[in-house]
Amino acid sequence: MTLQLTGRVAIVTGAGAGLGREHAMLIAARGAKVVVNDPGGAVDGQGGDNSAADKVVAEIRQRGGDAVASYDSVADAQSAKRIIDTAVKNFGRLDILVNNAGILRDKSFAKMDLGDYRTVIDVHLMGAVHCSHAAWPLMTAQRYGRIVMTTSVAGTNGNFGQSNYGAAKMAVLGLMNCLAIEGRKNNILVNAISPGAVTRMTEALIPETIARYQGPHLVSPAVAWLCSERCAETATIIAASAGGFSRVQFFQTRSVQFDPAQPVTVEMFDQAYGEIADLATAKPSPLGFLSDAAERLKAIGKL
Ligand code: NAI
């Protein structure tokens, strides 16, 4: 089965380079009309250059696709709203939003400037919030939407020198989970990609032997799938790098249940810690807040 996005309108933020460029090209090649958003700044977000988005638009058009450029920043609410308006003004609707825009301001936590901390949160987390918030009423009204967040191992696994970036990248997963719950009834599915690819952001970090297999185009098939009608998943995190794809999922172990009517001490916790932390009993965390307290209390005869 060939997967098509014909008739759909997509926005890819930060699509002037790296992963975003590849996502935009593939989504356009599969028939969607695409807003190529990118202010064209440096890796740290400084400066700007319209030619980044313009070049990708030209490439898409050259290959017979339909695209327009947007140079607005996702980091500011009004500017982000203009990105969504660009889709509606040019193509009449919006079906797909890929929140991909990103910057880096790496430093060890001890040396981290709090201004840089906020700037990174503003682009990664608030950028995804701003764009999703402006897209939400449109997707709700048409009862269709596909939103893809971009997370990172720096958040899910941690990384030295990236406390600002890692925090922002975990935060977009919290955003994803809540929007997935709120959007489900209107067929708005919200998922995430955790990519690994050689781009200007990572080229200094990835050894050459691996780098030649880590083109950003190898991540985009998963993103295009998450953007399609074929995808029925929501709140799913897909890791993609070097042609390999996997699912990232949070798990929780079975509770060690004490009698809550009796004292529960630090020593009791200490003694039970091995069992509490034993991943052999772990199950995937469900989507949505589902307290199992009633079940546990019933099991020990308290309810
Ligand atoms: P990149 O630097 O090539 O692309 C990021 C793009 O976002 C740039 O074109 C930049 O101009 C744009 N951008 C920056 N600030 C923006 C703003 N305020 N508004 C709109 N666009 C803005 O880097 P790469 O690697 O392609 O990164 C894409 C996304 O993937 C980022 O969110 C990054 O954090 C994430 N990521 C990348 C990984 C990798 O291995 N390359 C690993 C994990 C996550």
Side-chain angles (χ1 to χ4, degrees), residues 11-25 35-57 69-84 86 97-106 118-131 134 148-159 162 164-173 175 192-207 210-211 213-220 222-223 237-242 244 248:
I11 291 171
V12 182
T13 68
L19 286 155
R21 175 183 174 277
E22 297 297 335
H23 302 339
M25 302 272 281
V35 175
V36 175
N37 161 259
D38 208 306
V43 180
D44 67 0
Q46 312 262 22
D49 181 358
N50 289 359
S51 72
D54 287 342
K55 272 190 206 149
V56 177
V57 168
S70 141
Y71 317 112
D72 290 300
S73 168
V74 298
D76 168 80
Q78 281 182 349
S79 156
K81 169 81 168 55
R82 285 199 296 272
I83 307 173
I84 279 53
T86 301
L97 170 64
V98 181
N99 287 310
N100 165 80
I103 61 165
L104 288 182
R105 303 236 174 143
D106 293 358
R118 254 190 215 108
T119 304
V120 165
I121 300 261
D122 280 345
V123 174
H124 290 275
L125 172 60
M126 293 315 295
V129 170
H130 294 147
C131 292
V148 179
M149 307 289 177
T150 305
T151 184
S152 167
V153 286
T156 54
N157 302 32
N159 197 21
Q162 294 198 310
N164 51 0
Y165 179 74
K169 288 308 203 186
M170 271 310 263
V172 299
L173 296 182
L175 177 66
I193 189 83
S194 182
V198 179
T199 65
R200 64 180 190 170
M201 210 182 246
T202 55
E203 60 195 352
L205 309 170
I206 301 177
I210 300 174
Y213 297 116
Q214 276 208 312
H217 66 286
L218 292 167
V219 173
S220 304
V223 172
I237 309 161
I238 300 295
S241 103
V248 181

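Ligands are counted one by one from 1 in listed order, and the atoms in each one are counted from 1 as well. Keep in mind that what you see is a predicted model, and the values were worked out from it rather than measured.
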Within the 4.0 Å heavy-atom shell around [X], which atoms of ligand 1 are there?
X	result
N37	20 (C), 21 (N)
L19	25 (O), 26 (O), 28 (C), 30 (O), 37 (C), 41 (N)
T202	39 (C), 40 (O), 41 (N)
T151	43 (C), 44 (C)
T150	29 (C), 30 (O), 32 (O), 35 (C)
P39	17 (C), 19 (N), 20 (C), 21 (N), 22 (C)

Of all the non-hydrogen atoms in the protein, which one sits nearest to [atom], and at what distance?
atom	answer
atom 31 (C) of ligand 1	N100 O, 3.1 Å
atom 42 (C) of ligand 1	P195 O, 3.0 Å
atom 41 (N) of ligand 1	A197 O, 3.1 Å
atom 25 (O) of ligand 1	T199 OG1, 2.6 Å

Inset, instruction - Return a yes/no value for Y165: is any of its N or O atoms, backbone included, closer than 3.5 angstrom to an N or O of ligand 1? - result: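 It does: an N or O of Y165 is found under 3.5 Å from an N or O of ligand 1.
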Does the residue [X] have a heavy-atom contact with ligand 1, meaning some pair of atoms that are separated by less than 4.0 Å?
X	answer
G127	no
K169	yes
A52	no
H124	yes
D38	yes

Inset, instruction - Could you check T119, V43, V123 and say which one makes a side-chain contact (heavy atoms from CB on, under 4.5 Å) with R105? - result: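 Exactly one candidate clears the test, T119.
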